[in-house]
Amino acid sequence: MHRLNAWLRRHPMVIDSVWAAMVLFVGVLPEDGSEDGGWRLGVHYAIAVALPLLMVFRRRFPDATVAAAGLIGIAQVLLDVNPAISSIAYLIFAYTGAAFGRPWTSRFALFGGLLAGPLVYWRLHPQKIQSVGDSDVHFVNYSAPEALLIIGLMTTPFLLCWGWGRLTRVRRAYLVELEDRAARLERERDAQSKVAVAAERARIARELHDVVAHNVSVMIVQADGAAYVLDNSPQQAKEALSTIASTGRQALVEMRRLLGVLRSADSKGEEYVPQPGVEELPELLDQVRTAGLQVDFATSGHPRELPRGVELTVYRIVQEALTNVRKHGGPDVHARVAVDFGERELAVLVEDDGRGSTDEQLASGGPDGQGHGLIGMRERVGMVSGSLDIGPRPGGGFRIRAVLPLKAA
C-alpha cells in the first residue's frame, strides 16, 4: 500500500482520470427532467464530456482548467441549461484553484463559488408548492429569507471545497518547508563534520610535527655528544650513533604520517615539546581520580618503547574516553583502563559501568575544548592504520577498544 500510494502521488493524472471517468459515466446517463431534445440537450452532453476531460489535466494545468471550467459554467447559465450530476465537477475545480492554482486562479475560484448560488437561483427561479383547498395546487415564489437560505445552501459546498483547497496548499507548503529545513540541516551537519575533521587533523598535524621536531632535537643532542666523546670514548660514540639512527628512522615514519595531514596556519611559533605518551597515563589517571572518578589501570604483555605517534594516540584515546565517562557516565560510575602490549600490536581498552553515551554526546566531548569526540578518535586511530570499536558494554555502560599496529605497513 505504501508503494502504491507513493506511485499515485508521482502520477496524479491516474487518480484524476478515475474520478473523471466516474463523473463522465454519471453525466451521460439519462435523467428525469433533462433537456427535452433540441440544442440544449446537445449542450448538456457537451458539458458532461468537457468537464471530466478538464478534470484529467487539472493538476498539470490548474490555471487553464479552472478558467475553462468557469467559462463553461457561465455559458451554461447564460444558455439556460439545467445543472446535471456532472456539475459536481465545478466543486472539484473550486478545490483545484485554491490548492494548485496561482493567486489569481484562487481568487477566481472563490469569486465563482460565491456567484454560483445566486446565478443558479436566478436562472432556475425555484418555486414551492402551495395547496389551495383539497384539490387545487399551484406554485408560489419563495420569500426573501427563504431565497437567501437556498442561495446559501447552494453556495456553501463551493466555499467548503475552496477552503479545503487552501488548507491543502498550506499543508503542502509546510511539508515542503520541513523537507527543505531537513535538507539544510543535513548539509549543515555534513559541513560541521567536515570542519571538525579538518580541525582535528590540523591538531594531529601539529602534534606529529612536535613529535618529529622532538626526535630531530634528540638526534642533534646525540650527534653533539658523539662528536664530543668520539676520541676519548668510542663505545659511547657508537651508542650515540645507534640512537641517532633509530631516532631518525622513527622520525621518518612520523614524517610520512605528517605529510598526509593538513596543517593549519595558526601553528606557527608554537614551542616544540614532547607530547604525552603511555608513560604519562598514570599521571593522567591520578588527575581523573582526583576529580572523583574511580579508575582501575592494568597493563599486560611486555612494556617497551613505542613510536611517539602511537604513544600519543594511546594517551589521547584514554584521555577522551575518560572525559566522556565523567560527562555522561552518571553518579558512582567506575571505569577500567587496560593496555596490552602484544608482539605486533597494542590494544587499549576503556570501559565503564555507567549509563552509557549516545554518539551525539560522545561527538561533543573533548578535554580541552579542541577535541571532537569520536571524530578525533577515529582520525587518530586511522593515522596509525589501527582499528577502533565503540559501542555499548554488555551489562550496561560503554566500551572503547582500539588496536594499534606496532610495525609500519
**Asked** Do any N or O atoms from the side chain of Arg401 and from the backbone of Ala347 form a donor-acceptor pair under 3.5 angstrom?
**Response** no

**Complete:** Checking Ile92, Ile72, Val66 against Leu54 for side-chain contact (heavy atoms from CB on, under 4.5 Å), the one that qualifies is Ile72

**Nearest heavy atoms of Ala89 and Met55, plus distance in Å** = CB-SD, 3.9 Å

**Asked** Are the side chain of Asp296 and the backbone N or O of Arg336 linked by a donor-acceptor pair below 3.5 Å?
**Response** no

**Asked** Atom CZ in Phe25, atom CD1 in Ile85: separation rounded to 0.5 Å?
**Response** 10.0 Å

**Request:** Report yes or no: does Arg172 contribute a side-chain atom to a donor-acceptor pair with the main-chain N or O of Ala99 at less than 3.5 Å?
**Result:** yes

**Message:** For a 4.5 angstrom cut-off between non-hydrogen side-chain atoms, does Arg289 reach Asp286?
**Reply:** yes

**Message:** To the closest 0.5 Å, what do you measure between CZ (Arg181) and OH (Tyr174)?
**Reply:** 8.5 Å

**Asked** So, for Ile400 and Ala321, which heavy atoms are closest and what is the spacing to 0.1 Å?
**Response** CD1-CB, 3.7 Å

**Message:** Before you tell me yes or no, could you show the steps for Leu285 and Leu322 under side chain to side chain contact (heavy atoms under 4.5 Å, CB included), namely the whole-Å CA-CA distance, both residues' side-chain angles and the distance that decides it to 0.1 Å?
**Reply:** CA-CA 9 Å; Leu285 297 181; Leu322 294 180; 3.5 Å; yes

**Item:** Between CD on residue Glu320 and CG on residue Asn324, distance to nearest 0.5 Å
**Value:** 4.5 Å

**Item:** Whether over 12 other heavy atoms sit under 6.0 Å from Arg393 CZ
**Value:** yes

**Item:** Exam field: side chain Ser193 to backbone Arg189, donor-acceptor pair closer than 3.5 Å
**Value:** no

**Distance-minimising heavy-atom pair for Cys161 and Leu91** = CB-O, 3.5 Å

**Separation between CG of Leu79 and CD1 of Ile47, rounded to the nearest 0.5 Å** = 7.5 Å

**Message:** For the backbone of Ser106 and the side chain of Trp162, can you confirm whether one donor and one acceptor N or O come within less than 3.5 Å of each other?
**Reply:** yes

**Where Val310 and Pro405 come nearest, the two heavy atoms and their spacing** = CG2-O, 4.3 Å

**Request:** Answer yes or no: is there a side-chain heavy-atom contact under 4.5 Å between Pro103 and Arg107?
**Result:** yes

**Request:** Count the heavy atoms of every other residue, nucleotide or ligand shown that sit under 6.0 Å from CD of Gln287, and state whether that count exceeds 12.
**Result:** yes

**Message:** Main chain of His302, side chain of Arg304: is a donor-acceptor contact present, judged purely on distance under 3.5 Å?
**Reply:** yes

**Asked** Is any NZ, NE, NH1 or NH2 atom of the basic residue among Arg184 and Asp180 found under 4.0 Å from an Asp or Glu carboxylate oxygen of the other?
**Response** yes

**Item:** Distance in Å, Arg380 CZ paired with Leu404 CG, rounded so as to fall on 0.5 Å steps
**Value:** 12.0 Å

**Complete:** In this structure, CG of Leu115 is separated from CD1 of Ile151 (nearest 0.5 Å) by 11.0 Å

**Message:** Heavy-atom count check: over 12 atoms from other residues, nucleotides or ligands less than 6.0 Å from Arg60 CZ?
**Reply:** no

**Asked** What's the shortest heavy-atom distance between Leu24 and Ala48, and which atoms?
**Response** CD1-O, 3.5 Å

**Close side-chain approach of Asp353 and Val333, heavy atoms under 4.5 Å** = yes

**Message:** Just so I know, are the side chains of Leu281 and Tyr315 near enough to count as touching, which here means a heavy-atom distance under 4.5 Å?
**Reply:** yes

**Prompt:** Does a donor on one side chain sit under 3.5 Å from an acceptor on the other, for Arg316 and Gln319?
**Reply:** yes

**Request:** Over all heavy atoms of both residues, which pair between Val325 and Ala335 is shortest? Give the atoms and the distance, please.
**Result:** CG1-CB, 4.4 Å

**Request:** Kindly assign one of parallel, tilted or perpendicular to the pair Tyr95 and Phe100, based on the angle between their ring planes and the thresholds 30° and 60°.
**Result:** perpendicular

**Message:** Run the side chain to side chain contact (heavy atoms under 4.5 Å, CB included) test on Glu188 and Leu185 for me, step by step, so that the C-alpha distance in whole Å, both residues' side-chain angles and the decisive distance to 0.1 Å come before the verdict.
**Reply:** CA-CA 5 Å; Glu188 292 177 357; Leu185 290 176; 3.7 Å; yes

**Asked** Do Gln76 and Val43 come within less than 4.5 Å of each other through their side chains, counting heavy atoms only?
**Response** no

**Request:** For residues Phe341 and Val278, determine if any side-chain heavy atom of one lies less than 4.5 Å from a side-chain heavy atom of the other.
**Result:** yes

**Item:** Heavy-atom side-chain proximity of Phe57 to Asp16 below 4.5 angstrom
**Value:** no

**Prompt:** Would one find more than 12 heavy atoms of other residues, nucleotides or ligands at under 6.0 Å from atom CE of Met13?
**Reply:** yes

**Request:** State whether Arg187 and Asp190 are salt-bridged, where the test is any N-O pair (Lys NZ or Arg NE/NH1/NH2 against Asp/Glu carboxylate O) under 4.0 Å.
**Result:** no

**Asked** So Ile15 and Arg59, side chain to side chain contact (heavy atoms under 4.5 Å, CB included) or not? Walk me through it.
**Response** CA-CA 11 Å; Ile15 191 67; Arg59 276 191 269 195; 3.1 Å; yes

**Request:** Run the numbers on Trp104 and Asp63 for side chain to side chain contact (heavy atoms under 4.5 Å, CB included), then give the verdict.
**Result:** CA-CA 9 Å; Trp104 70 264; Asp63 302 322; 3.8 Å; yes

**Message:** So does Phe93 get a backbone contact from the side chain of Arg58, meaning a donor-acceptor N/O pair under 3.5 Å?
**Reply:** no

